[in-house]
Amino acid sequence: MNWLTLRRGLFAFTNPDFLGQPCFEFLMWGFYLLHTRRFLGGRTPASSPLACALALLFALCFCLTAGEFAVLASSGVVLAVSLLFFHEKEDLSNAGYLCLVGALIEYGGVWTGMWRYPEAHAGGVPCWFITLWA
């Protein structure tokens with residue numbers, strides 16, 4: 001998903017190494033998920049065809065939609081539908097916690113010059129970061 005969104009120009013890393021990304025980026029999402037699971041506790045959810053289909057649909061929002069509002073709207077709809085199906089306390093706490101972690105990472109990364117978003121936003125980060133991280 002990162003590679004396709006980079007190719008579409010939704011954001012860009014300042015010093016990419018491979019496929020438009022720094023090498024550490026390939027390990028970071030696994031780290032974020034493991035950190036969240038260990039920090040908040042909880043169980044590892046069972047695999048579900050519905051969850052996999054919604055995750056794929058969610059990723060496509062960032063890879064295929066044109067324009068930042070379309071990315072926010074489409075990913076927001078998929079996130080809302082996902083939360084209709086998966087809304088246990090753990091699901092909601094994970095989504096909320098990852099939004100907070102995402103804000104720290106996104107603003108920290110933009111403000112330190114590690115990456116940038118092409119359009120001017122409040123603080124340099126687009127609103128769709130909320131749906132992305134949740």
Side-chain angles (χ1 to χ4, degrees):
M1 188 172 115
N2 254 8
W3 178 65
L4 290 172
T5 55
L6 286 163
R7 287 191 64 200
R8 292 195 51 243
L10 285 179
F11 75 106
F13 285 99
T14 307
N15 297 307
D17 296 316
F18 182 67
L19 295 176
Q21 306 169 68
C23 288
F24 67 80
E25 187 69 14
F26 295 95
L27 305 173
M28 295 310 298
W29 284 101
F31 169 78
Y32 300 144
L33 295 176
L34 182 60
H35 161 76
T36 300
R37 181 171 178 258
R38 291 200 174 162
F39 186 79
L40 295 179
R43 58 182 167 72
T44 301
S47 180
S48 154
L50 176 60
C52 292
L54 288 167
L56 179 61
L57 187 60
F58 184 79
L60 290 173
C61 293
F62 293 88
C63 301
L64 300 177
T65 53
E68 297 208 15
F69 179 76
V71 171
L72 176 63
S74 61
S75 64
V77 167
V78 175
L79 177 61
V81 168
S82 299
L83 290 175
L84 286 175
F85 287 103
F86 305 100
H87 54 270
E88 292 179 13
K89 182 182 176 195
E90 283 181 341
D91 300 321
L92 300 175
S93 63
N94 286 337
Y97 180 72
L98 280 167
C99 282
L100 294 174
V101 168
L104 291 172
I105 291 168
E106 292 294 336
Y107 284 101
V110 167
W111 293 349
T112 59
M114 292 181 72
W115 61 85
R116 60 181 160 42
Y117 294 93
E119 299 191 22
H121 303 94
V125 179
C127 291
W128 53 258
F129 94 86
I130 297 167
T131 57
L132 172 74
W133 284 88

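Predicted model only: the values in this text are computed from it and were never measured. Counting begins at 1 with the first residue of the sequence.
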_Sub-4.5 Å side-chain heavy-atom contact between Met1 and Leu132_ = yes
*Angle class for the Phe13/Trp115 ring planes (parallel below 30°, perpendicular above 60°, tilted otherwise)?*
perpendicular
*Side-chain contact, heavy-atom cut-off 4.5 Å: Leu54 with Phe86?*
yes
_Tell me whether Trp3 contacts the main-chain N or O of Gln21 through its side chain, where contact means a donor paired with an acceptor under 3.5 Å._
no
*Can you establish whether the number of heavy atoms outside Phe18 located under 6.0 Å from its atom CZ is more than 12?*
no
*If the plane angle is over 60° it's perpendicular, under 30° parallel, otherwise tilted; pick one for Trp29 and Tyr32.*
perpendicular
*Do you know which two heavy atoms are closest between Gly42 and Glu90, and how far apart they sit?*
CA-OE2, 2.9 Å
*asked:* Is there a continuous path of hydrophobic side-chain contacts, each under 4.5 Å between heavy atoms, that joins Leu19 to Phe62?
replied: no
_Any heavy-atom pair between the side chains of Asn94 and Leu40 that's under 4.5 Å?_
yes
_Neighbour count >12 (heavy atoms, 6.0 Å) for atom NE2, His87_ = no
*Steps toward side chain to side chain contact (heavy atoms under 4.5 Å, CB included) verdict (Phe39, Val101)*: CA-CA 12 Å; Phe39 186 79; Val101 168; over 6 Å; no
_So which atom in Asp17 and which in Pro22 form the shortest heavy-atom distance, rounded to 0.1 Å?_
OD2-CA, 3.3 Å
*Side-chain touch Val81/Phe85, heavy atoms, less than 4.5 angstrom*: yes
*Is there a side-chain contact between Phe11 and Thr5, using heavy atoms and a 4.5 Å cut-off?*
yes
*Would you find more than 12 non-hydrogen atoms of other residues, nucleotides or ligands less than 6.0 Å from Phe26 atom CZ?*
yes
_Strictly distance-based, threshold 3.5 Å: is any side-chain N or O of Ser75 a donor or acceptor partner for the main-chain N or O of Phe58?_
no
_Rounded at 0.5 Å granularity, tell me how far CG in Leu33 sits from CG in Leu98._
6.5 Å
*Could you state whether Phe31 and Tyr97 fall into the same hydrophobic cluster, counting links through intermediate Ile, Leu, Val, Met, Phe, Trp or Tyr residues with side-chain heavy atoms under 4.5 angstrom apart?*
yes
*Look at the aromatic rings of Phe129 and Tyr107 and report parallel, tilted or perpendicular, splitting at 30° and 60°.*
perpendicular
*Report yes or no: do Trp133 and Tyr117 belong to one cluster of Ile/Leu/Val/Met/Phe/Trp/Tyr joined by side chain heavy-atom distances under 4.5 Å?*
yes
*Taking it one step at a time, do Cys127 and His121 satisfy side chain to side chain contact (heavy atoms under 4.5 Å, CB included)?*
CA-CA 8 Å; Cys127 291; His121 303 94; over 6 Å; no
